[in-house]
Amino acid sequence: MNPPLLKLGAVLSTMAMISNWMSQTLPSLVGLNTTRLSTPDTLTQISPKEGWQVYSSAQDPDGRCICTVVAPEQNLCSRDAKSRQLRQLLEKVQNMSQSIEVLNLRTQRDFQYVLKMETQMKGLKAKFRQIEDDRKTLMTKHFQELKEKMDELLPLIPVLEQYKTDAKLITQFKEEIRNLSAVLTGIQEEIGAYDYEELHQRVLSLETRLRDCMKKLTCGKLMKITGPITVKTSGTRFGAWMTDPLASEKNNRVWYMDSYTNNKIVREYKSIADFVSGAESRTYNLPFKWAGTNHVVYNGSLYFNKYQSNIIIKYSFDMGRVLAQRSLEYAGFHNVYPYTWGGFSDIDLMADEIGLWAVYATNQNAGNIVISQLNQDTLEVMKSWNTGYPKRSAGESFMICGTLYVTNSHLTGAKVYYSYSTKTSTYEYTDIPFHNQYFHISMLDYNARDRALYAWNNGHQVLFNVTLFHIIKTEDDT
């Protein structure tokens, strides 16, 4: 037990002993051993003539000892010897009362100290309890963390086992590589016996055969169109953008022609990335305004329809001048036979794996589509095919491997509806849908190098991927 608590117990015990001693000793001191004391709750009537009587002894709420004494009448005890004893007794009681008062003050002080200590002990106990709980929590948390780490490490066991296996395999590989090196050294010595020129000719022959095989795989029949991929959003609702299908792999220049009329400015970008960021590399001011959006860049030159005419212009970007121009005989122009969206799209110039083409309509063919293959240098019509598809009913068209593919609309729900093969001079109706994401197409051209369709989709420059069914040519094919 805490020392203050021991002290308080001793004080209370002492007070109880003093109270008990007074209740038993005072009567004997005054010769009143036979007097019956009443309880504090009752009053015993004692006659004053009977001498001194102890009326009661008790303890107040504060722990003080209270004695009530009934004195006899004055005339009976004025000179009685018992009066001296009583005075002595009273002095002792008074001294004892003073001592008890001092003790009480000390007790009260100690009691307050005990209360304070009790509060502090409760707080300390609470802290210990909290520390204990925290310790358990921390131990649980640390245990859980260790368990989680162990759980993380467990999957590493089979990995380590695999590492052991891999180490063995690596050793085997090293041995096989050493053996292979020896074999290759022997082969190299054997090859050294052959004539270098002979080996070089064999390599060139193999390369030629591979290129011929690739050429046989270049052309195919359109099976599917996927996308689009939005490259950029710029310009008006109508326009054209393109790359050169005959350019080298390192040459990725992009040309941009906004609007379908009343414009002569062609913007050039060194790459698709520059086109997206808007970093122009060069600007060309053409000598004539163009009509429509169906231009094409082919082998370094721009081919376009001169405004308000059926004249085709060939403009060299490198030279910065017109190299050739020729009228397309009987071709309608200036919205006589446009596509469904209008925009002076009467004459559509395009290129594929075979060469340069012009798609248009004539009165002689009743406004139906005419396909003409052009000489890229002189723009002379080399051969023409008359189709039975009305030009005004076509949304857009493009050439792949000598076959013209025509869409039935330029709006939502458009699909490739008609195709015409210049190889067989036959047509068929198709059903190849594609996603017209921005609802209005004003330009749709195939690029043989990229195997993609370039489109101007309502102010968005987009790309469509195409899937072709390849037919491998044989030696008997002409």
Side chain of [X], backbone of [Y]: donor and acceptor closer than 3.5 Å?
X: D346; Y: N335; answer: yes
X: N251; Y: R253; answer: yes
X: S372; Y: S384; answer: no
X: N465; Y: I225; answer: no
X: N436; Y: L411; answer: yes
X: N285; Y: I265; answer: no
X: N365; Y: I369; answer: yes
X: T430; Y: V416; answer: yes

Exercise for review: Would you please test Q373 and T422 for side-chain hydrogen bond (donor to acceptor under 3.5 Å, both in side chains) and show each step?
Suggested key: CA-CA 10 Å; Q373 186 175 6; T422 60; over 6 Å; no

Exercise for review: Any pair with a residue in residues 355-379 that passes salt bridge (Lys or Arg N to Asp or Glu O under 4.0 Å), sequence neighbours left out, goes on the list, sorted by first then second residue, please.
Suggested key: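 Applying salt bridge (Lys or Arg N to Asp or Glu O under 4.0 Å) to every pair that reaches into residues 355-379, excluding sequence neighbours, yields K314-D377.
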
**Study point:** Of all pairs that satisfy salt bridge (Lys or Arg N to Asp or Glu O under 4.0 Å), the ones with a partner from residues 238-250, not counting sequence neighbours
**Key:**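 For residues 238-250, and leaving out neighbouring residues, there are no salt bridge (Lys or Arg N to Asp or Glu O under 4.0 Å) pairs at all.
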
Taking every non-hydrogen atom, the tightest pair across [X] and [Y]:
X: S419; Y: T403; value: CB-CG2, 4.1 Å
X: I432; Y: M223; value: CG2-O, 4.1 Å
X: D352; Y: G402; value: OD2-N, 2.6 Å
X: W456; Y: M257; value: CZ3-O, 4.3 Å
X: E353; Y: C401; value: OE1-N, 3.0 Å
X: L349; Y: A358; value: CD2-CB, 3.8 Å

Study note, to complete from the structure: The complete set of ring-ring contact (aromatic ring centres under 6.0 Å, His included) pairs with one or both residues in residues 222-242, sequence neighbours excluded, reads F238-Y260, F238-W341, F238-H440, W241-F275, W241-Y454

Given side chains that start at C-beta, do those of [X] and [Y] come closer than 4.5 Å, heavy atoms only?
X: K264; Y: F288; value: no
X: V322; Y: P287; value: yes
X: L404; Y: V406; value: yes
X: Y339; Y: S442; value: no
X: W357; Y: L374; value: no
X: W290; Y: N263; value: yes
X: Y446; Y: V466; value: yes
X: T426; Y: Y420; value: no

Identify, with sequence neighbours excluded, every residue that meets salt bridge (charged side-chain N to carboxylate O under 4.0 Å, His left out) alongside [X].
X: E428; value: K221
X: E280; value: R267
X: R392; value: none
X: D450; value: none

Let me check something: any side-chain donor-acceptor pairs from residues 297-306 under 3.5 Å, sequence neighbours excluded? List them with distances.
residue, atom, partner, partner atom, Å
Y303, OH, Q376, O, 2.6
N305, ND2, S309, O, 2.9
N305, ND2, I311, O, 3.1

Review point. When you check the gap from the basic side-chain N to the acidic O, do R326 and E380 get nearer than 4.0 Å?
Key: no

Point to revise | Contacts of type ring pair (Phe, Tyr, Trp, His ring centres under 6.0 Å), residue Y427, not counting sequence neighbours | key: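 Listed in chain order: Y418, Y429.
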
**Study point:** Set of ring pair (Phe, Tyr, Trp, His ring centres under 6.0 Å) partners for Y307, sequence neighbours left out
**Key:**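 In terms of ring pair (Phe, Tyr, Trp, His ring centres under 6.0 Å), with neighbours along the sequence ignored, Y307 is linked to H334, F344.
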
Check your understanding: Run the side-chain hydrogen bond (donor to acceptor under 3.5 Å, both in side chains) check on S271 and N252 step by step: do they pass?
Key -> CA-CA 5 Å; S271 65; N252 295 305; over 6 Å; no

Value rounded to 0.5 Å, distance of [atom1] in [X] from [atom2] in [Y]:
X: I312; Y: H295; atom1: CD1; atom2: NE2; value: 13.0 Å
X: R237; Y: Y438; atom1: CZ; atom2: OH; value: 14.5 Å
X: T230; Y: N457; atom1: OG1; atom2: CG; value: 7.5 Å

Point to revise | side chain to side chain contact (heavy atoms under 4.5 Å, CB included) evaluation trace for V296 with L356 | key: CA-CA 9 Å; V296 64; L356 185 65; 3.9 Å; yes

Practice item. Run the numbers on N310 and Y330 for side chain to side chain contact (heavy atoms under 4.5 Å, CB included), then give the verdict. Key: CA-CA 8 Å; N310 60 5; Y330 305 122; over 6 Å; no

Check your understanding: Applying the side-chain hydrogen bond (donor to acceptor under 3.5 Å, both in side chains) test to Y337, which of T362, N368, N363 qualifies?
Key ->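 The option that passes is N363.
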
Practice item. Mind running side chain to side chain contact (heavy atoms under 4.5 Å, CB included) on W255 and Y284 for me, showing each step along the way? Key: CA-CA 10 Å; W255 290 273; Y284 301 90; 4.1 Å; yes

Exercise for review: Applying side-chain contact (heavy atoms from CB on, under 4.5 Å), name anything that partners A279, two or more places apart in sequence or on another chain.
Suggested key: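 A279: side-chain contact (heavy atoms from CB on, under 4.5 Å) contacts with D274, S277.
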
**Study point:** Over 12 foreign heavy atoms within 6.0 Å of CZ, F333
**Key:** yes

Practice item. Determine whether more than 12 heavy atoms belonging to other residues, nucleotides or ligands lie under 6.0 Å from atom NZ of K270. Key: no

Practice item. Could you walk me through whether S234 and Y256 pass the side-chain hydrogen bond (donor to acceptor under 3.5 Å, both in side chains) test, one step at a time? Key: CA-CA 10 Å; S234 64; Y256 178 87; 3.1 Å; yes

Exercise for review: Would you sort out whether T243 and N447 count as a side chain to side chain contact (heavy atoms under 4.5 Å, CB included), showing the intermediate values?
Suggested key: CA-CA 8 Å; T243 60; N447 186 293; 2.9 Å; yes

Point to revise | Partner of V359 under side chain to side chain contact (heavy atoms under 4.5 Å, CB included), chosen from V370, N294, D348, T387 | key: D348

Check your understanding: Do the rings of F434 and F464 sit parallel, tilted or perpendicular, given the 30° and 60° boundaries?
Key -> perpendicular

Review point. Which pairs with one or both residues in residues 404-415 pass side chain to side chain donor-acceptor pair (under 3.5 Å), sequence neighbours excluded?
Key: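 Of all non-adjacent pairs touching residues 404-415, those that pass side chain to side chain donor-acceptor pair (under 3.5 Å) are T340-H410, K415-D431.
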
